[in-house]
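Scroll down for the structure; my scribbles are underneath it.
Please read all numbers here as calculations on a predicted model, not as lab measurements. Every chain is numbered from 1, with letters handed out A, B, ... down the list of sequences.
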Number of protein chains: 4
Amino acid sequence: MRDRFKKEVNKLAQDYTASIPFDKRLYKQDIAGSIAHAKMLAKQGIISDKEAELITMALTSIREEIEGGEFAFRADLEDIHMNIEARLIEKVGDAGRKLHTARSRNDQVALDMRLFAKEAISQTIEKLVGLQRALLDVAEANKDEVMPGYTHLQRAQPVLFAHHMLAYFEMLQRDVSRFRDCLGRTDVLPLGSGALAGVPYPIDRDFLAKELGFSRISANSMDAVSDRDFVIEYQAAASITMMHLSRLAEELVLWSSAEFGFIELDDAYATGSSIMPQKKNPDVAELARGKTGRVYGNLLALLTVMKALPLSYNRDMQEDKEGFFDTVDTLLSTLEVFTGMIATLKVKGEKTRRAAEEGYILATDLADYLVGKGVPFREAHNIVGGLVQYAVENGKTFKDLSLSEYKNFSSLFEEDVYSVTVASSIGARDVPGGTAPGQVAQQLARARKIVQG
Amino acid sequence: MRDRFKKEVNKLAQDYTASIPFDKRLYKQDIAGSIAHAKMLAKQGIISDKEAELITMALTSIREEIEGGEFAFRADLEDIHMNIEARLIEKVGDAGRKLHTARSRNDQVALDMRLFAKEAISQTIEKLVGLQRALLDVAEANKDEVMPGYTHLQRAQPVLFAHHMLAYFEMLQRDVSRFRDCLGRTDVLPLGSGALAGVPYPIDRDFLAKELGFSRISANSMDAVSDRDFVIEYQAAASITMMHLSRLAEELVLWSSAEFGFIELDDAYATGSSIMPQKKNPDVAELARGKTGRVYGNLLALLTVMKALPLSYNRDMQEDKEGFFDTVDTLLSTLEVFTGMIATLKVKGEKTRRAAEEGYILATDLADYLVGKGVPFREAHNIVGGLVQYAVENGKTFKDLSLSEYKNFSSLFEEDVYSVTVASSIGARDVPGGTAPGQVAQQLARARKIVQG
Amino acid sequence: MRDRFKKEVNKLAQDYTASIPFDKRLYKQDIAGSIAHAKMLAKQGIISDKEAELITMALTSIREEIEGGEFAFRADLEDIHMNIEARLIEKVGDAGRKLHTARSRNDQVALDMRLFAKEAISQTIEKLVGLQRALLDVAEANKDEVMPGYTHLQRAQPVLFAHHMLAYFEMLQRDVSRFRDCLGRTDVLPLGSGALAGVPYPIDRDFLAKELGFSRISANSMDAVSDRDFVIEYQAAASITMMHLSRLAEELVLWSSAEFGFIELDDAYATGSSIMPQKKNPDVAELARGKTGRVYGNLLALLTVMKALPLSYNRDMQEDKEGFFDTVDTLLSTLEVFTGMIATLKVKGEKTRRAAEEGYILATDLADYLVGKGVPFREAHNIVGGLVQYAVENGKTFKDLSLSEYKNFSSLFEEDVYSVTVASSIGARDVPGGTAPGQVAQQLARARKIVQG
Amino acid sequence: MRDRFKKEVNKLAQDYTASIPFDKRLYKQDIAGSIAHAKMLAKQGIISDKEAELITMALTSIREEIEGGEFAFRADLEDIHMNIEARLIEKVGDAGRKLHTARSRNDQVALDMRLFAKEAISQTIEKLVGLQRALLDVAEANKDEVMPGYTHLQRAQPVLFAHHMLAYFEMLQRDVSRFRDCLGRTDVLPLGSGALAGVPYPIDRDFLAKELGFSRISANSMDAVSDRDFVIEYQAAASITMMHLSRLAEELVLWSSAEFGFIELDDAYATGSSIMPQKKNPDVAELARGKTGRVYGNLLALLTVMKALPLSYNRDMQEDKEGFFDTVDTLLSTLEVFTGMIATLKVKGEKTRRAAEEGYILATDLADYLVGKGVPFREAHNIVGGLVQYAVENGKTFKDLSLSEYKNFSSLFEEDVYSVTVASSIGARDVPGGTAPGQVAQQLARARKIVQG
């Protein structure tokens, strides 16, 4: 593309600007786009059917060369588009020289990125659903296990382990929905926008859309070549998903600690130490937690790139690719490895139950007990607050307190206060979304239906 | 809430943790939620109708106190919830002490934030549409103006000014669609989730949802109190919108420069200098460009806050508010001031036209001219590249070149090469989304219909 | 400054661009700068001594008006500079109209920001040292306490609690050093740079620097008005400090959990729950952890603002202030509240010791024991790995294993294997920086000296 | 390191956690560290001299294998450390098995990263100085060229082109200073910290420091293995540098536009279009501007990774590498390519001069002219504001105005008002840091001395 220049590009500048090291990953999309473009050109009489056929055959064999590892990518040809075009011209001569009619790299790369993104979104949704299934499996397999629910990492109220897992199911379900919405905005054909102003040929954009599986065509050529919203939106949705996974990862790390001891990761998902022979480390969870940072970074990077760019295409936009590819790879692999890790983890139900029974986790239930006897909630909370303070100071649990000790705080306490238990606490939260066994069973059933749908 | 503590909170710690300086902004939402909660408690027989009535009346008068500036917010009461509850108890005693039955601050604040977010989203969409209308107005008012289209900030191909404006219309249209999707995920009632596990009272969550205008209730109580996805999603959508506005801002700054001189901002939207008397600065556009940074920062801040938090509520989540409020305020005010600025700007059509006619902007059209005579595009591009180099060296424009000079590059050039003009170039791009006048008229009509819909 | 405009500024635009709501915080710096400027102008004969005196007296009384709450800030006067100048002119007429000679708001605001930043840095360093002292105090008060050291949140090797605290001392020491370096680059006088090109008056910049306490004057006027590096550098250093504090916060949260139970926060630094009467939450630590996000966000926001701005001043740069103020406030208050929280926390030494003695934490020591008997480390690691696996399967600790069980894994094990204890393990790490008591005592002494220095 | 596990690691988990694909880049540092470690172990009698010699020779040959491309990296060996150790043991058996005595991967990787960072910082400083030199060269070569100085992208006051270039020199000089400070904090030996607690062997850390070229040893073992401040600090400094370069890039893009036309990039640093034959695009500058985003993203990513990690090593920290390498590569290549681009650009002095002479750029000088006649500056500003408004409305420049027109605005205007020129304006700004030729010459001389130093 240096037809007007008298000088070769400086080697450093060439390496600096070449995108072929990473955009070669788009070869499949680029070739598919070119084949559709050639067919359309022929259909519209802009090139001959013969030429279109030659181009199609040659591009097909170029794809095979690439997949067979026989294609020599050249940095001096800048990018995947020119690498493939150059090879095409080598193979078919003038027909190849006609392929770029009614097209620019600006709409071409927008097309390639949208094709890639559409596939990435589909895979992401599929893997999200895979992890949802694993969460449901482990929830169902441990559906009677009880554990402390936490706020502020302090034991708060007992919950079912399955209820806790279902919270992650919900998060992932929102993620699925967010990626679906993103897909809708990605599913728009930019080809036919030319460099920025449209093309002066009687092209058929609807035909192109149909050939390439798009639902719509872009409505404004300048926007079409300037727009990378769909990449940013994927990055934003991925950031939220990674945030969700980082929360799950944090819990897996906590629960694997000696102090919690709530779960045991399968040996196949744990690693050891180069120096401490006893270590069984939850590295996969830690790494996923860490990789959240890189996905956030990629989001921010592209937002920064696009900030304050005048229309239409600017070379800054070449920076849309590496971070996007990295986020897609990171998210897909994290979802996949989490699916295996969750599917194989062992819940140590005895430990989670014991933890739920210790301490003063039933204090809210005692307050609610008093409310049941007519005490306003705020006053009941106050009374039980005093009771907790008394018990802590005397080194007693609620069960250790005598009825007369109870009565020192409120005369309304009766013998039935001892029937306030972890089981009664859980059972009482029998509202939609609550942790009572029947509610959780319904949530599980509903969730299972969603992932089958 | 310090019933179990023997000591007052440290003053620094109190100031550090108090959210009342900023969450008082949620008073309206908090009171609406409490009124609905009280009604529901009465309907379910958890409190008496009389109590509900007392609560409702008192809360209504508290709202008036706040709006009248007579309410004394207290930092020692931590947050908006306890400030209002304390005042309520002052007013109605035991009935007030019962309001917090079957509720926790955890589901209460989640409710307040969702109510606030829903309203913010509606306002955002409304203001986006307002700006879209202003863009259409200026496009229509200048529908015959021609300007250079740019890539790499180099003049690339001529376009209609209206076409350029429509590119921004498209961006904002995606923004509208993104906020609508966000609204769908925000429109979920969390109340009834209690601290984290649900509540041990026979509440009616569907009634609450109806009272408060929610379409759905949350499916998992732990998720409901741990989830701030809707705030992040708003922040992400706002970041993309600000990115779009920063691009427009950049163009307004460029176009207002002496060098471009394409537009003149109305005096009402420009500012002067403290030292240089001649200056007319596009400060609004510059500031909007700058404020993009703060909106990105708020997005990132919340993503960072939420990373790796174990379930369910953690105090870190209090940090969801200030950044969110700031982003909402920034986005709404930017949209509003842009609407006025766009509506009043003056396009200097003579300057844009002259810029479009200078230079070698018709080079693509010359290549397409040769393609029309049977030259493969890549070869045509090559030929015109040589022609440009020749013209530059000889200080000539295309119009200055003689036919024989043309023919030195290709014998296919004929007299009709001189009919390649800015007008012919624009007219030729007669494809859907292209810049040809007919296409742009269709785009305008379609756009107008969208903002009327 | 609207001398050349025929129209008033639009109200929305005025509110959008006005900085007075936040830059009024710079009144002290602005007045100090103006007094120095007036003195210099008089010294150089640009204004009369009498005028300088009038200006100085009036500015002093304006400062008192502001501090007394009697100053009426006006948004239509845009910023703190014009608000003060307008009031000055009200007070002293023409003398006031001369103050802006040889000055622009561009160098004036750069000066104000640098004066503010210098003070902020000094306060930050002071508060860092305060927290370091608290860490040393708690380390010394608990200097014999033993706890598990962790990697991957798995118990790894026993350490002294004081050693652990000293790790944070080191981090903060790097922070101090980083802020000192930042101070060096901030301590540069920009005044005299004018709007961008310098000023056409015989000013004395060295005099100004001396008056205002700067070590150096800026070397290039365009840079001086375009530069906000010092704000970004503060933000970056603050981000690293907050990252350090977030790690400490995370540990305080973990250690306060029922599962760890290593410390008890003083009641004055803990908060309760609106619904769960038993809760004692480490809210201060959680909030600090959360506030890390906002400080990161502010850093990123300003980096984004400054990206790709052409020289010299652009209005985008007004966005340097709010985020900076917020970061300074957040960092200072977090350091202060941590100092109190650390100073009052209670280490539960019995619990930390028991945790250090459980499990297989001495496995590395057993490997080192074998190395001492001539086994290559990698092989020793291998042997002890097998031993751990055997012990886990048989539900035994190392102490429970008989010598013959040991010998099944290596015949080199002898009776003295039982003298491998937590104490011997800690004592053996007697290298500079290691956890042996003597080393830790030295580290403490060195640290104490640093904070006294 | 799976001695205690009964199961192989899952293949997905292995791939997910393996760092060898990127940490192999640290082979040189890892081997240097191991050789020094072996020497020290021998010197201290922990291994024999013979063993140390064997290890050293084998490691040397392993380095050659790697550099010769003959080394087979294995993902199942996780990382560069274990890959090299495994090969070492293959080569020398038991001596190799002893190398890991008194060491852990935790202090080993901290060492490798610090060695790498030290070298990266040195290279960065070198390349910064290289670009500074190029800026000085172009400034000196065009030292008489005049251009408009801008604020708000509006022509503000005339400046020397050299003065403008020197502003960038100053920015880069701060960058140099920032990287030097970072080097000071990086130059600390972590080896000898073991896994986290120090090592139970009589090692000599000072010897290690000397061997490996470190100025100091770390003071606390837990900090030493937990600390990645030096990587973050590099990233922060790099972000500021890229911000500076993005500003320069923006100006190069602006100046290369047809509208400005201030410079012409050398053909060797420009690229063409696939469709528009006339295009000469400043791609290098655009890409550098875009790459600013990725460097910001890498900074943010690591800050996010490190947030709230409990001590000491956590696997999340493996994420410190890729972003760091990417930032180093990006920064070094950007500096290098800018050096060439700046060195070869051509300033179109006639165009910059003409731009400086157009419009009302001398308005400040007119105000200062009136100040010279006794008018208070604020009033003078006011008068000239009116003059500008009058001139604009009448389509006149200052030169076009008659003396009587001047006098309509102030009777103090005399014939000498016509001697206010671009040259007089520039010459008058004769203050340190100002744009007067003598001042700029001094700045140039001082700058030249700095880069020679």
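Contact detail for V388(B) and A363(B): the closest heavy-atom pair is CG2-CB, 4.2 Å. The minimum heavy-atom distance linking V225(B) with D107(B) is given by the pair CG1-N, 3.9 Å.
Both the backbone and the side chain of S226(A) come within less than 4.5 Å of a heavy atom of chain B. T292(B) touches chain A through its side chain: at least one heavy atom from C-beta onward sits under 4.5 Å away, while N, CA, C and O do not. At a 4.5 Å heavy-atom cutoff, S425(B) makes no contact with chain A through either its backbone or its side chain. With a 4.5 Å cut-off on non-hydrogen atoms, I217(A) touches chain B through its side chain but not through its backbone. Contact annotation for Y201(B): both backbone and side-chain heavy atoms come within less than 4.5 Å of a heavy atom of chain A. Proximity to chain A is limited to the side chain of L299(B), based on heavy atoms less than 4.5 angstrom apart. There is no contact between L99(B) and chain A, counting heavy-atom distances below 4.5 Å. Neither the backbone nor the side chain of I426(A) comes within contact range of chain B; no heavy atoms are under 4.5 Å apart. For L245(A), no part sits under 4.5 Å from any heavy atom of chain B, backbone or side chain. In this structure, no portion of Y390(A) lies under 4.5 Å from any heavy atom of chain B. Only the side chain of A236(A) comes within contact range of chain B, with heavy atoms under 4.5 Å apart. Within the 4.5 angstrom heavy-atom criterion, atoms from both the backbone and the side chain of H164(A) approach chain B. Heavy-atom distances place the side chain of E393(A), and not its backbone, under 4.5 Å from chain B. Heavy-atom distances place the backbone of D430(A), and not its side chain, under 4.5 Å from chain B. Only the backbone of P158(A) comes within contact range of chain B, with heavy atoms under 4.5 Å apart.
Listed options I232(A), I203(A), D229(A) were ranked by heavy-atom pairs under 4.5 angstrom with chain B; first place goes to D229(A). The residue among V159(B), N314(B), L196(B) with the most heavy atom pairs within less than 4.5 Å of chain A is L196(B). Of the listed residues (C182(B), G149(B), S246(B), A156(B)), the one with the most heavy-atom contacts under 4.5 Å to chain A is S246(B). By number of non-hydrogen pairs under 4.5 angstrom with chain B, the leading residue of E250(A), R174(A), K98(A) is R174(A). Across Q173(A), Q154(A), R97(A), R247(A), the residue that shares the most heavy-atom pairs under 4.5 angstrom with chain B is R247(A). Counting heavy-atom pairs closer than 4.5 Å to chain A, the top residue among E233(B), E379(B), M242(B) is E233(B). Considering only heavy-atom pairs separated by less than 4.5 Å from chain A, the leading option among G434(B), P200(B), G96(B) is P200(B). With chain A as partner, the option from L300(B), V371(B), D227(B) having the largest number of non-hydrogen pairs under 4.5 angstrom is D227(B).
Using modelled atom types, no side-chain atom of S193(B) and backbone atom of G198(B) make a donor-acceptor pair closer than 3.5 Å.
A donor and an acceptor atom, one from each side chain of R205(A) and S218(A), are located under 3.5 Å apart. Side-chain contact check for R178(A) and T241(A): no donor-acceptor pair (N or O, by modelled atom type) lies under 3.5 Å. Q235(B) and Y296(B) are not linked by any side-chain donor-acceptor pair at a separation below 3.5 angstrom, with hydrogens and angles left out of the test. Donor-acceptor pairing under 3.5 Å is recorded for the side chains of S177(A) and R185(B).
Look at D365(A) and R429(A) and you find a salt bridge, because one of the NZ, NE, NH1 or NH2 atoms lies within 4.0 Å of a carboxylate O, short of that distance. R446(A) has a carboxylate O that lies under 4.0 Å from a charged side-chain N of E170(A), or vice versa, which qualifies the two as a salt bridge.
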Kindly determine whether Q439(B) and H163(B) satisfy side-chain hydrogen bond (donor to acceptor under 3.5 Å, both in side chains), including the steps that lead there.
CA-CA 9 Å; Q439(B) 295 291 346; H163(B) 189 61; over 6 Å; no

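Taking the six-membered ring wherever Trp is involved, the centroid distance between the rings of H244(A) and Y168(A) does not fall below 6.0 Å.
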